[in-house]
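In what follows, a structure is listed as structure tokens, so that the remarks can point back to it.
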Amino acid sequence: MKFGIFYELQLPRPWQAGDEHRLYQNALEQIELADRLGYDHAWQVEHHFLEEYSHSPAPESFLAAASQRTKQIRLGHGIVQLTTNHPARVAERIATLDLLSNGRCEMGMGESASITELEPFGVNMDNKREIFEEAVRAIMPMFGDAPTEHQGKYFNMPLRQVVPKPLQKPHPPLWVACSQLETLAKCGEWGMGALGFQFVSADAAYAWVHAYYNAFVKRQKKLADYRTNPNIALVSFFMCAKTDEEARERADGDTFFQFSLRFYGQSAGRRRPPAGTVNMWDEYNAWKKANPDLHAAALRGGLIGSPETIRRKLRRFQSSNIDQVVLLNQAGKNTHEHICESLELFAREVMPEFQAAHPELLKWKERVLNREIELEEIDTTAFTDRYGGAMKQMGPDAATGPAAE
């Protein structure tokens, strides 16, 4: 399998002067290190107005900066929001990044999953999928050599030549974010790569990988004329240290990430609280104080532990034929020093074994795509839980004290 690193650019309160500058500079240093260590991908989100959870509204600027500090690592939008950006601006920025990075851009796309992000741009939750699909149909011709025009329900553009053009032909690889597990199968139907979060069990991973590839092979219905990208990448919480105990001590930010995700995910339309009214770091610490056992259980999940512990967990991913594991290390208040040490230890003691086995996965995939291997059609209704184990009980209802009132 391949390995990526993932950035939300989290910044819990309290905020001090210079914190955002330090956050961005540290993240760039980490990507530069990952490039030297042989990691395959660096993924950057686009979110708007999500205080503490994600201070990353302009991934195209961040990834462009990273492109000048790296040589090999592929630079991915994980994702660019097609619902809050005009299609022509998306095509222009993707092509520009591809040129700046010498053809290392990966085009991850998504809808956004919250009213807080969509509402200021005049988009609601009910029609975001329809806008996304129209945007894909509008963007793809813009990567070609001829001028294009688009007349649709949500976007209109007269005949224009969109420039520049991407270095990769016909365009960078296409991916879609899967905030809901059901979208994995839809990605297969669209013929695009799937970017999702870690499954709660090996059985779930096995079932959804089958669902994705069966949709890709048997039920593919592309949204436009584009090159397909049969790939599944899973984001997993991550911290590697010499011992499991040390890794858990250093990974408190991972549980802040999980808490924040669950906290926001409980509300209708994933609406965030009014701007400036919630101190998420205080909410998290109140929950942690009230639920020490749940906090400890959460730290036993993901890819958190010694090299041997993580190696054992990765073998379960490997047996499910996952293409890429994306490591989420920058979370909460995890320190820059610990993140760098984690990347270095993992790259030295774990990563080579699994990267070396990637050609075998490609052989399996080729046989699946050629219909030489017939994958079982598995009912995935038993595997729709996004919040496994302790994560189910993370959120404001589980906290006590002033921060929860």
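Salt-bridge formation is not detected for the pair Glu133/Lys153: no Lys NZ or Arg NE/NH1/NH2 atom is positioned less than 4.0 Å from an Asp or Glu carboxylate oxygen. A salt bridge links Glu92 with Arg89: the closest approach of a Lys/Arg side-chain nitrogen to an acidic carboxylate oxygen falls below 4.0 angstrom. Salt bridge absent: Glu106 and Lys2 never bring a charged side-chain N and a carboxylate O closer than 4.0 Å. Using a 4.0 Å cut-off between charged nitrogen and carboxylate oxygen, Glu349 and Arg311 do not count as a salt-bridge pair. Classification of Lys186 and Glu189 as a salt-bridged pair holds, one side-chain N sitting under 4.0 Å from a carboxylate O. Between Glu374 and Lys218 there is a salt bridge, since at least one side-chain N of the basic residue sits less than 4.0 Å from a carboxylate O of the acidic one.
Within a 6.0 Å sphere centred on CG of Asp145, heavy atoms belonging to other residues, nucleotides or ligands number 12 at most. Within 6.0 Å of NZ on Lys333 lie more than 12 heavy atoms contributed by other residues, nucleotides or ligands. Atom CZ of Arg137 sits in a crowded spot, with more than 12 heavy atoms from other residues, nucleotides or ligands closer than 6.0 Å. For Gln220, the CD atom counts as densely surrounded, since its 6.0 Å shell holds more than 12 non-hydrogen atoms of other residues, nucleotides or ligands. Gln72 CD: 12 or fewer foreign heavy atoms inside a 6.0 Å radius. Within a 6.0 Å radius of CG in Asn156, other residues, nucleotides and ligands contribute more than 12 heavy atoms. Residue-environment remark: NZ (Lys71) stays at or below the threshold of 12 foreign heavy atoms within 6.0 Å.
For Tyr7, there are no ring pair (Phe, Tyr, Trp, His ring centres under 6.0 Å) partners, not counting sequence neighbours. The ring pair (Phe, Tyr, Trp, His ring centres under 6.0 Å) check on Phe143 picks up nothing, with sequence neighbours excluded.
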Residue pair His210, Leu375: steps toward the side chain to side chain contact (heavy atoms under 4.5 Å, CB included) verdict: CA-CA 6 Å; His210 276 54; Leu375 296 180; 3.8 Å; yes
Full working for side chain to side chain donor-acceptor pair (under 3.5 Å) between Asn85 and Glu46: CA-CA 11 Å; Asn85 292 282; Glu46 177 183 347; 3.1 Å; yes
Trace of the side chain to side chain contact (heavy atoms under 4.5 Å, CB included) decision for Met107 with Val90: CA-CA 10 Å; Met107 186 179 175; Val90 173; 3.8 Å; yes
Chi angles and distances behind the side chain to side chain contact (heavy atoms under 4.5 Å, CB included) call for Leu37, Glu344: CA-CA 7 Å; Leu37 293 171; Glu344 289 173 335; 3.9 Å; yes
Verdict with reasoning, Phe49 to Glu119, per side chain to side chain contact (heavy atoms under 4.5 Å, CB included): CA-CA 11 Å; Phe49 322 118; Glu119 192 174 52; over 6 Å; no
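Annotation: side chain of Ile94 is not in contact with side chain of Ile139 (no heavy-atom distance under 4.5 Å). In this structure, Arg315 and Glu353 have side chains that are in contact, with non-hydrogen atoms separated by less than 4.5 Å. The shortest side-chain heavy-atom distance between Leu118 and Asn124 does not fall under the 4.5 Å cut-off. Residues Arg219 and Asn214 meet the side-chain proximity criterion, which asks for heavy atoms closer than 4.5 Å. Looking at Glu52 and Trp15, their side chains come closer than 4.5 Å, going by heavy atoms from C-beta outward. Looking only at side-chain heavy atoms (C-beta outward), Phe346 and Phe3 come within less than 4.5 Å of each other. Inter-residue side-chain proximity for Tyr213 and Trp364 is flagged as met; some heavy-atom pair is nearer than 4.5 Å. Residues Gln324 and Asn231 form no side-chain contact, since every pair of their non-hydrogen atoms from C-beta on lies 4.5 Å or further apart.
Using a distance-only test at 3.5 Å, with no hydrogens or angles considered, no donor-acceptor pair links the side chain of Ser56 to the main chain of Glu8. Gln168 contributes no side-chain N or O that, together with a main-chain N or O of Pro173, makes up a donor-acceptor pair within less than 3.5 Å. Judged purely by atom type and a 3.5 angstrom limit, Arg74 uses its side chain to pair as donor or acceptor with the backbone of Cys105. At distances below 3.5 Å, not a single donor-acceptor pair connects side-chain atoms of Gln318 with backbone N or O atoms of Leu361. Judged purely by atom type and a 3.5 angstrom limit, Ser342 has no side-chain atom pairing as donor or acceptor with the backbone of His338. For Arg104 (side chain) and Ile73 (main-chain N/O), a donor-acceptor pair under 3.5 Å exists by modelled atom type. For the pair Thr83 (side chain) and Glu111 (backbone), a donor-acceptor distance under 3.5 Å is present. When atom types are taken as modelled, the side chain of Asp323 and the backbone of Ile232 share a donor-acceptor pair closer than 3.5 angstrom. Checked by atom type and distance alone, the side chain of Gln355 pairs as donor or acceptor with a backbone atom of Gly38 at under 3.5 Å. No donor-acceptor pair under 3.5 Å is formed between the side chain of Asp35 and the backbone N or O of Ile31.
Side-chain contact annotation: Gln10 with Asn334, donor-acceptor N/O pair under 3.5 Å absent. Between Gln81 and Glu117, the side chains place a donor N or O and an acceptor N or O closer than 3.5 Å (distance only, hydrogens not considered). Between the side chains of His171 and Asp98, no donor-acceptor pair is found at a separation under 3.5 Å. Checking Tyr284 against Asp252 by side-chain atom types alone, a donor-acceptor pair falls below 3.5 Å.
Of the listed residues (Tyr154, Trp190, Phe155), just one forms a ring-ring contact (aromatic ring centres under 6.0 Å, His included) with Phe132, and that residue is Trp190.
Between the CG atom in Leu195 and the NE2 atom in His77 there is a gap of 12.5 Å [rounded to 0.5 Å]. Separation of atoms CD (Glu246) and CG (Leu345) is listed at 9.0 Å; rounding is to 0.5 Å.
Sorted by first and then second residue, the ring-ring contact (aromatic ring centres under 6.0 Å, His included) pairs involving residues 25-48 (not counting sequence neighbours) are His41-Trp43, Trp43-Trp175, His47-Tyr53, His48-Phe121.
Summarising the geometry of Leu328 relative to Asp254, their closest heavy-atom pair is O-OD1, 3.9 Å, with the distance given to 0.1 Å. Between Ala251 and Met239, the closest heavy-atom pair is CB-CB, 3.7 Å.
Centroid-to-centroid, the aromatic rings of Phe317 and Phe354 stay 6.0 Å apart or farther.
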